[in-house]
Amino acid sequence: MIAGSVSRRLRTAGVACATAALLSGCISASASPQGLYATPIGNAPVTANPTPYSAALYCMADYARRYNLPSPRIAVGRISDYTGTVSADGGRQVTGGASLMAMTALAKAGARMIERYDTSVSEMELRYANNRLIGDDGPGGAEDVQYRRILAGSVPGTDFYIIGGITEVNYNIRSGGFDMAAGQVNSDAPLSTAFAGKAYVMNIGIDLRLIQTTTFEVVDVVSYQKQIIGREISAGVFDFLDGNVFDISAGDGGLEPVQLAVRALIERATVEFMANLYGAPGPEVCLNAGPDPLGSTVGPTGGYYPAYPNTDTNNGETRADPSRWHDRRDDAVRRSRY
């Protein structure tokens with residue numbers, strides 16, 4: 001009896017060791033010629049990050065160009081997280097990058113933006129130029145370097161700016177679930193099964209305001225909330241067969257991305273701001289729009305301005321392609337490597 005018990009323990013230990021060796025088979029104590037101990041897993045390409053309101057932002061940009069509506073100069077200030085929520089690992093539960101999301105949303109809407117969020121580089125350049133430490137090429141090329149001059153009025157001002165914050169995170173607004181189990185009581189081979197499902201809803205809210213720069217007048221205010229759902233489903237089987245125990249379970253779960261919900265809130269608010277500034281009555285301006293005669297300057301990844309007269313050949317129309325520039329998906333990149 002004791003020998004049989006020892007034998008089973010040895011078999012169990014052997015299975016555990018074999019499993020550990022299999023899991024560590026892709027890890028080496030010596031670095032490869034490429035300088036890696038292990039090859040990272042995952043090969044998903046970079047994709048665009050739109051929300052359901054991104055198309056409306058592109059429509060606003062097309063609407064403004066179609067009717068030659070000038071965009072006011074807009075800046076983005078601090079859009080902070082005022083909820084104070086902290087995740088279990090000690091980090092922020094809600095993104096601190098809402099201001100950056102607002103800039104991307106304005107770019108999608110074709111707005112003229114002035115940088116006011118991080119001006120550290122520009123201010124340093126101005127200080128260096130004021131001390132005649134920065135030189136630019138003169139008419140004679142690189143050998144004819146001239147110090148950069150500071151011209152009065154060269155920095156454009158803003159007409160409006162957006163500030164606000166993330167003001168609500170409400171957990172477990174409503175939750176529900178079920179847990180069901182069944183099994184055989186009087187049987188030589190008892191079998192039991194279990195099923196469980198859970199779902200809960202939370203929400204997140206923002207409050208933004210559009211302010212006229214010269215008068216500090218609040219000309220528009222937006223307050224929105226979005227609910228977020230999470231779910232979990234699991235099922236399992238537990239059985240004894242000839243003295244052996246089998247426990248098989250599987251499950252599926254998911255939580256709607258919280259930070260993507262923040263981006264959706266920001267984009268919805270930006271749609272409303274820009275529709276007000278462009279004078280667009282509503283979504284009907286997107287119907288039967290037709291092609292833009294000037295060509296698109298916005299896309300699913302944001303907005304861009306052609307730095308040179310190369311609109312017909314630049315990369316503006318290909319940014320949303322997930323295979324573009326990918327060394328395994330784009331044949332042009334693979335060809336250029338050899």
Q | Linked hydrophobic residues, Leu126 as query - side chain contacts closer than 4.5 Å | A | none

Q. Going from OG on Ser32 to OH on Tyr37, what distance comes out if it is rounded to the nearest 0.5 angstrom?
A. 10.0 Å

Q) Should Tyr200 and Arg174 be marked as a side-chain contact (heavy atoms from CB on, under 4.5 Å) after you check the CA-CA gap, both sets of side-chain angles, and the distance that decides it? A) CA-CA 6 Å; Tyr200 72 94; Arg174 176 164 294 185; over 6 Å; no

(Q) Checking Asp159 now: which residues fulfil side-chain contact (heavy atoms from CB on, under 4.5 Å) with it, not counting sequence neighbours? (A) Pro72, Arg73

Q. What are the two closest heavy atoms between Met60 and Ala275, and how far apart are they?
A. SD-CA, 3.7 Å

**Q.** Chi angles and distances behind the side-chain contact (heavy atoms from CB on, under 4.5 Å) call for His326, Val46
**A.** CA-CA 8 Å; His326 194 289; Val46 175; over 6 Å; no

Q | Ile206 side, atom CD1; Arg268 side, atom CZ - distance, nearest 0.5 Å | A | 10.5 Å

Q: Return yes if some donor-acceptor pair links the side-chain N/O of Asn131 with the main-chain N/O of Leu133 below 3.5 Å, else return no.
A: no

Q.
Do Tyr117 and Met124 sit in one hydrophobic cluster, given that two such residues count as connected whenever their side-chain heavy atoms are within less than 4.5 Å of each other, even indirectly?
A. no

(Q) If you apply the rule side-chain contact (heavy atoms from CB on, under 4.5 Å), what do you find for Leu106 with Arg112, and how did you get there? (A) CA-CA 8 Å; Leu106 287 171; Arg112 295 177 62 191; over 6 Å; no

Q) Does atom CZ of Arg116 have more than 12 heavy-atom neighbours from other groups under 6.0 Å away? A) yes

Q) With a cutoff of under 4.5 Å between side-chain heavy atoms, which Ile, Leu, Val, Met, Phe, Trp and Tyr residues group with Phe216? A) Tyr161, Ile163, Ile211, Val218, Val221

Q) Rounded to the nearest 0.5 Å, how far does CD1 of Ile114 lie from OG1 of Thr158? A) 7.5 Å

Q) Quick one: do Val222 and Ile162 end up in the same hydrophobic cluster if we chain Ile, Leu, Val, Met, Phe, Trp and Tyr together by side-chain heavy atoms under 4.5 Å apart? A) yes

Q.
Looking only at the side chains, is there a donor atom on one of Gln227 and Asn203 sitting less than 3.5 Å from an acceptor on the other?
A. no

(Q) Return the CG to CD distance between Leu210 and Glu217, rounded to the nearest 0.5 Å. (A) 10.5 Å

Q | Which residues share a side-chain contact (heavy atoms from CB on, under 4.5 Å) with Thr51, sequence neighbours left out | A | Tyr53, Ser54, Leu260, Arg263, Ala264, Glu267

Q. Once you round to the nearest 0.5 Å, how far does CD1 of Ile266 lie from OG1 of Thr95?
A. 9.5 Å

Q. Can you list the residues that meet the ring-ring contact (aromatic ring centres under 6.0 Å, His included) rule with Tyr147, with sequence neighbours excluded?
A. none

Q.
As a quick check of understanding, evaluate side-chain contact (heavy atoms from CB on, under 4.5 Å) for Ile79 and Val76, giving each step before the final call.
A. CA-CA 8 Å; Ile79 302 177; Val76 177; 4.2 Å; yes

Q: Report the residues that fulfil side-chain contact (heavy atoms from CB on, under 4.5 Å) with Asp81, sequence neighbours left out, ordered by chain and then residue number.
A: Thr83, Thr85, Val94, Ile166

Q. Between Ser323 and Asp330, does a side-chain hydrogen bond (donor to acceptor under 3.5 Å, both in side chains) hold up when you go through it step by step?
A. CA-CA 6 Å; Ser323 299; Asp330 194 333; over 6 Å; no

(Q) Using a 3.5 Å distance criterion without hydrogens, assess whether the side chain of Asp118 forms a donor-acceptor pair with backbone atoms of Ser120. (A) yes

Q) Considering residues at least two apart in sequence or located in another chain, which fulfil the ring-ring contact (aromatic ring centres under 6.0 Å, His included) criterion with Tyr63? A) Tyr67

Q | Residues that, via side-chain heavy atoms closer than 4.5 angstrom, fall in one hydrophobic cluster with Ile150 | A | none

Q | More than 12 heavy atoms from other groups under 6.0 Å of CZ on Arg329 | A | yes

Q. What's the spacing between Thr167 OG1 and Tyr82 OH if we round to 0.5 Å?
A. 10.0 Å

**Q.** Short side-chain donor-acceptor distance under 3.5 Å, Thr318 and Asp321
**A.** no

(Q) Assigning hydrophobic clusters by single linkage (Ile, Leu, Val, Met, Phe, Trp, Tyr; side-chain heavy-atom cutoff under 4.5 Å), is Leu208 placed with Val219? (A) yes

Q. Transitively linked via ILVMFWY side-chain contacts under 4.5 Å: Ile229 with Val258?
A. no

Q.
Checking Glu168 now: which residues fulfil salt bridge (Lys or Arg N to Asp or Glu O under 4.0 Å) with it, not counting sequence neighbours?
A. none

Q) Do side-chain atoms of Thr270 reach the backbone of Ala105 as a donor and acceptor pair under 3.5 angstrom? A) no

Q. Hey, does the side chain of Thr119 reach the backbone of Glu115 with a donor-acceptor pair shorter than 3.5 angstrom?
A. no

Q: Could you list the residues that satisfy side chain to side chain donor-acceptor pair (under 3.5 Å) with Thr215, not counting sequence neighbours?
A: Gln212

Q. Counting N and O atoms only, with roles assigned by atom type, does the side chain of Glu232 sit under 3.5 Å from a partner on the main chain of Lys198, one being a donor and the other an acceptor?
A. no

Q) Quick one: salt bridge (Lys or Arg N to Asp or Glu O under 4.0 Å) partners of Arg209, sequence neighbours excluded? A) none

(Q) If the condition is side chain to side chain donor-acceptor pair (under 3.5 Å), which residues does Glu256 pass it with, not counting sequence neighbours? (A) Lys226

